[in-house]
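Working notes for the structure below.
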Amino acid sequence: MHPAFAQSTKGPVFYWNIDGVVGLNGLNKSDDVLFVQWSFYKMAQWHPASKIWPTLRNVGVNGNCTGRADDPLVDAIKTVEAVFSADMDGRVTPMTNSAKFVVHGIKYVYLIMVINIALRQLYPAQYPRLDLIPEFIWRIKDAVVYPFLQDG
């Protein structure tokens with residue numbers, strides 16, 4: 001996972017991106033999987049996700065995803081997609097190049113942006129410093145802290 005910026009009507013927007021596809025037949029890199037699992041765990045506290053709380057709470061946060069259709073994370077991704085995303089492919093896909101997104105509307109193109117919006121709304125004082133959010137997953141600390149370190 002890594003920091004990134006997307007263009008919006010109000011200028012650049014910081015977000016956390018993943019390095020490869022997480023979920024069905026995805027790369028399922030451990031750090032990316034941990035980030036998505038932890039984000040779903042945190043999203044279970046987000047009011048717009050209230051219809052899907054049970055699915056989000058059952059994912060677990062262990063960094064493992066088989067990439068098969070019967071994996072609990074793939075099931076959770078599909079459930080989140082049914083509520084927030086235009087695609088229903090069981091995958092969280094990284095945004096690439098000069099990605100743009102729309103925040104006015106019901107459906108979001110990239111699930112990774114829904115994850116970031118949820119974290120930003122849940123923890124406005126801490127986001128984008130994920131390491132300051134309660135119950136942070138310390139195994140990905142290096143990835144989320146280095147953008148905020150000052151030189152020298």
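Distance alone, capped at 3.5 Å, places no donor-acceptor pair between the Asn17 side chain and the Pro94 backbone. The main-chain N or O of Pro54 is found under 3.5 Å from a side-chain atom of Asn58 such that the two form a donor-acceptor pair. In terms of modelled atom types and a separation under 3.5 Å, the side chain of Asn28 and the main chain of Gly26 share a donor-acceptor contact. Panel note: side chain Trp53, backbone Ala44; a donor-acceptor pair is recorded below 3.5 Å. Proximity of a side-chain donor or acceptor of Gln37 to a complementary backbone N or O of Asn64 within less than 3.5 Å is detected. Judged purely by atom type and a 3.5 angstrom limit, Asp75 has no side-chain atom pairing as donor or acceptor with the backbone of Asp70.
Shortest non-hydrogen contact noted between Gly90 and Lys78 is CA-CG, 3.6 Å. Contact detail for Lys42 and Pro134: the closest heavy-atom pair is NZ-O, 3.0 Å. In terms of heavy atoms, Leu27 sits closest to Gly20 at CD2-CA, 4.1 Å. Across all their heavy atoms, Leu34 and Ile140 have their closest contact at CD1-CG2, 4.1 Å.
Interatomic distance, CG of Asp19 versus CE of Met1, reported as 8.5 Å (0.5 Å rounding). Here NE2 of His2 is found 7.5 Å from OH of Tyr146. Values are rounded to the nearest 0.5 Å. Separating the CZ atom in Arg57 from the CD atom in Gln45 is a distance of 8.0 Å, to the nearest 0.5 Å. Note that CD1 of Ile77 and CZ of Arg91 are 9.5 Å apart. Values are rounded to the nearest 0.5 Å. Rounding to the nearest 0.5 angstrom, the gap separating the CE atom in Met95 from the CG atom in Asn116 is 9.0 Å. For the atom pair Ile137 CD1 and Asp131 CG, the distance stands at 11.5 Å (nearest 0.5 Å).
Note: the hydrophobic cluster containing Val83 also contains Leu73 (ILVMFWY, side chain heavy atoms under 4.5 Å, direct or indirect links). Hydrophobic clustering (ILVMFWY, side-chain heavy atoms < 4.5 Å, transitive): Phe40 and Val61 are in one cluster. Phe14 and Leu111 fall within the same hydrophobic cluster, defined by Ile, Leu, Val, Met, Phe, Trp and Tyr side-chain heavy atoms under 4.5 Å apart, directly or through other members. Residues Met113 and Ile18 fall within the same hydrophobic cluster, defined by Ile, Leu, Val, Met, Phe, Trp and Tyr side chains chained together at heavy-atom separations under 4.5 Å. Leu24 and Val92 are assigned to two separate hydrophobic clusters, defined by single-linkage of ILVMFWY side chains at heavy-atom distances under 4.5 Å.
Annotation: Tyr123, atom OH; neighbour count of heavy atoms from other residues, nucleotides and ligands within 6.0 Å is above 12.
In this structure, the side chains of Val74 and Arg68 stay at 4.5 Å or more apart for every pair of heavy atoms. Taking 4.5 Å as the limit, every side-chain heavy atom of Pro3 sits out of range of all side-chain heavy atoms of Tyr15. For the pair Trp16/Leu119, no side-chain contact is recorded, criterion being any heavy-atom separation below 4.5 Å from C-beta on. With a 4.5 Å cut-off on side-chain heavy atoms, Ile133 and Trp38 count as touching. Between Val80 and Ile52 there is a side-chain heavy-atom pair separated by less than 4.5 Å.
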Apply side chain to side chain contact (heavy atoms under 4.5 Å, CB included) to the pair Phe35 and Ile115, showing each step before the final yes or no. CA-CA 10 Å; Phe35 173 65; Ile115 289 169; 4.0 Å; yes
Go through Lys29 and Asp31 one step at a time and tell me if the salt bridge (charged side-chain N to carboxylate O under 4.0 Å, His left out) criterion holds. CA-CA 6 Å; Lys29 185 179 168 191; Asp31 286 359; 5.3 Å; no
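Centroid-to-centroid, the aromatic rings of Phe136 and Trp138 come within less than 6.0 Å. You'll find the ring centres of Trp46 and Phe84 inside the 6.0 Å limit.
Side-chain contact, Tyr41 with Glu135: a donor N or O sits under 3.5 Å from an acceptor N or O.
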